Amino acid sequence: MEPRTRPPGWAAALAGVTAGAVALGIAQLVAGVFGGTSPIIAVGNSAVDNTPLWLKEWAIRTFGENDKNVLIGGILVVVALIAAGLGVLSRRRVGFGVAGLWLFGLVGMLAVLTGAEAGPLAILPPLIGAGAGAMTLSSLFRRLEPPPWAESERAEALAAAESDAAAEHDDSRAAAEHDDSRAAAEHDDSRAAAEHDDSDRAEMPPVMRSGSELHAFSRRRLLTGVGMGVGVAGVSGIAGQLLSGRNDVSGARTAVAKALPTAATPLPPLPAGVDFKIPNLSPFSTPNHDFYRVDTALVVPAVDPKSWTLTIHGMVDKPIEITFDDLIKRPLMEADVTLTCVSNEVNGPYVGNARWLGVRMADVLREAGLQANADMLLSTSSDGWTCGTPIDIVMDGRDALFAIAMNGEVLPVSHGFPVRQVVPGLYGYVSATKWVTDIKVTRYDLDEAYWTPRGWSAMGPIKTGSRIDLPRNKVKPGRNTIAGVAWAQHRGIEKVEVQVDDGDWRVARLAEVPGPDTWRQWAIDWDFTPGLHTIRCRATDGTGQTQTANGAPPAPNGATGYPSVLMEAV
Ligand SMILES: Nc1nc2c(c(=O)[nH]1)N[C@H]1C(S)=C(S)[C@@H](COP(=O)(O)O)O[C@H]1N2
Ligand SMILES: [Mo]
């Protein structure tokens, strides 16, 4: 074969990235039309589900609640690099790049199919996206081939050279052959080629030779192709986003808000004494928009209360299915409960307190009739996350709720709209299912929830914990306030002690609490001498147990150790 003309690497890489962008844009559009997941999200979801524990812990530690954005950003960067690589590979043969794009589509399809919400239409976004990417890549590579005028100019140049040194017949014959094959290979519309006839000539030398390779391509032809590709990617991507917006439940949420029922047994307002109102101290009630969020969902599930149902089945006398209207017609109650995440590091941010409105889980479960040998509620969210909760805890009379509102507001979508579980005393991963739609009554020796095979304990009672909120960095020497929160849900906090440097432990003053299920503010005044100081604290729960000084990481069942802060009085 003739030595192929090869476009420069950057042009090939650009073509690859453009093809990748078109693939993703079109996939997003198809996902919008058919209600599937964009392949990036699907790949991200399976990354979330398959990330080893150490990596997940590192990501949470390093990126905190930004870990999802970092993950998506990382996937996009990797995809862009691979797409650029496929472009470069296509210089050898476009088929290689095309095959690579289809392979990508296959990975996307696998990711979608292994996801929780996979319907049969779910493979369409990666499939059609890959096809669109492959078409884009081949069409851009056609644009990278030298346009006909380049060939004719090359022939002219050769003819001119010939008249100078009148012996090079072999070359011109080769050029003529080249012309033929080029003309045959030229699939692009001649109008596009004609358009560039004038402009490109001036822009670059039409014929450049290096060794046996002929580098003749039109930068402008490539860039218009890239521009069109980017346009298609952008428009389809945005259209896809808008179409998925049909799944937006903010309207439904507002409707529920307008008719939000009140509690049959409302709680009295919180006593003023629950909050010291010290600047920088966590307020007793965490505002919803400041409430920590931890879940595996890259895209927040959109669950319409009109079609929401909760099914209770498994080891029950009578399986039941209830609708949202059924649920909120029941007697609603309020409960002040502090949620805590098992991944919270000592002194970490994943604790928040709210007043919840909901239906007592125990009442609903009793209607289904729990069988005596069952010991676990395996709840599932609309996006397929699962959670195993001990039945005896839910049934022991504590305020375990199917909650519909939080701090007087309909549940925010990111906190589980329309219905989530709240169980005082258990870490969120074994109790607080958001977007809950299904409960299987079962046994720990028969079933396993999402986090159990991923390195976390099947049981997750909350360990007594505390946090120093202030001071965190620098203070002026002299009298300052040390303050924070402490929690031991359902046992209550009885005492918090504070130690500065290696001095005596001193008892802090405690704020009021409405009950044993919330955190408790604590504070103590301290005279600081100039210099560096280490502050520690420790809490004692309502049973007289003090939190342990022994340090442990969050996995498998909650971090331990005294919180400690190094600060300076200057
Ligand atoms: N559907 C679903 N519910 C979930 C989770 C999840 O990943 N998916 N994470 C749980 C965990 S680990 C915690 S700590 C709490 C956090 O609730 P929040 O995001 O409302 O603070 O939700 C729980 N409920
Ligand atoms: Mo959690």
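When a ligand or atom number is given, it counts from 1 through the structure's own listing order. Note that the structure is predicted; figures quoted are calculated from it, not measured.
Listed by first and then second residue, the salt bridge (charged side-chain N to carboxylate O under 4.0 Å, His left out) pairs involving residues 348-363 are Asp336-Arg355, Arg360-Asp399, Asp363-Arg366 (not counting sequence neighbours). Applying the salt bridge (charged side-chain N to carboxylate O under 4.0 Å, His left out) definition to pairs two or more places apart or across chains, those involving residues 421-442 are Asp295-Lys434, Lys440-Asp447.
The closest approach between any non-hydrogen atom of Arg420 and ligand 1 is below 4.0 Å.
Any N or O atom pair closer than 3.5 Å counts here, and Lys434 shares at least one such pair with ligand 1. Taking distance alone, with nitrogen or oxygen atoms compared against 3.5 Å, Thr296 approaches ligand 1 more closely than that limit. Considering backbone and side-chain N/O atoms, Phe291 never comes within less than 3.5 Å of an N/O atom of ligand 1. Geometrically, ligand 1 and Ser414 share no nitrogen or oxygen pair separated by less than 3.5 Å. Considering backbone and side-chain N/O atoms, Tyr292 comes within less than 3.5 Å of an N/O atom of ligand 1. Polar contact with ligand 1: present for Ser381 (N/O pair, distance under 3.5 Å). The N/O atoms of His415, backbone and side chain alike, include one that comes under 3.5 Å of an N/O atom in ligand 1.
The only member of Thr340, Asp541, Asn353 that meets side-chain hydrogen bond (donor to acceptor under 3.5 Å, both in side chains) when paired with Gln489 is Thr340.
Heavy-atom proximity to Cys341, at under 4.0 Å, picks out these atoms of ligand 1: 14 (S). Numbered from 1 in the order shown, with element, the atoms of ligand 1 that lie under 4.0 Å from a heavy atom of Tyr429 read 11 (C), 12 (S).
Counting only heavy atoms of the protein, atom 16 (C) of ligand 1 lies nearest to Val294 O, 3.6 Å. In terms of protein heavy-atom proximity, atom 13 (C) of ligand 1 is nearest to Gly428 CA, 3.7 Å. Scanning all protein heavy atoms for the shortest distance to atom 24 (N) of ligand 1 gives Ala432 O, 3.0 Å.
Remark: Arg538 is positioned above the aromatic ring of Trp505, its terminal NZ or CZ atom under 6.0 angstrom from the ring centre and at most 45 degrees off the axis. The cationic atom of Arg520 (NZ for Lys, CZ for Arg) does not lie both less than 6.0 Å from the six-membered ring centre of Phe284 and within 45° of the ring axis. A cation-pi arrangement is absent between Arg293 and Phe291, since the terminal nitrogen or guanidinium carbon is not both under 6.0 Å from the aromatic centre and inside a 45° cone about the axis.
Contacts with ligand 1 closer than 4.0 Å are made by side-chain heavy atoms of Trp435 only, the backbone lying farther away.
Considering each of Trp385, Trp456, Trp451, the one bringing a non-hydrogen atom nearest atom 8 (N) of ligand 1 is Trp385.
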With ring-ring contact (aromatic ring centres under 6.0 Å, His included) as the test, would you mind laying out the steps for Phe63 and Trp58 before giving the verdict? CA-CA 8 Å; Phe63 305 118; Trp58 174 83; 5.5 Å; yes
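Here Asp275 does not pair with Lys277 in a salt bridge; the nearest charged N to carboxylate O distance is not below 4.0 Å.
Residues Asn407 and Thr286 approach most closely at ND2-O, 2.9 Å, considering heavy atoms.
For Phe417 and Trp308, the gap between ring centers reaches or exceeds 6.0 Å.
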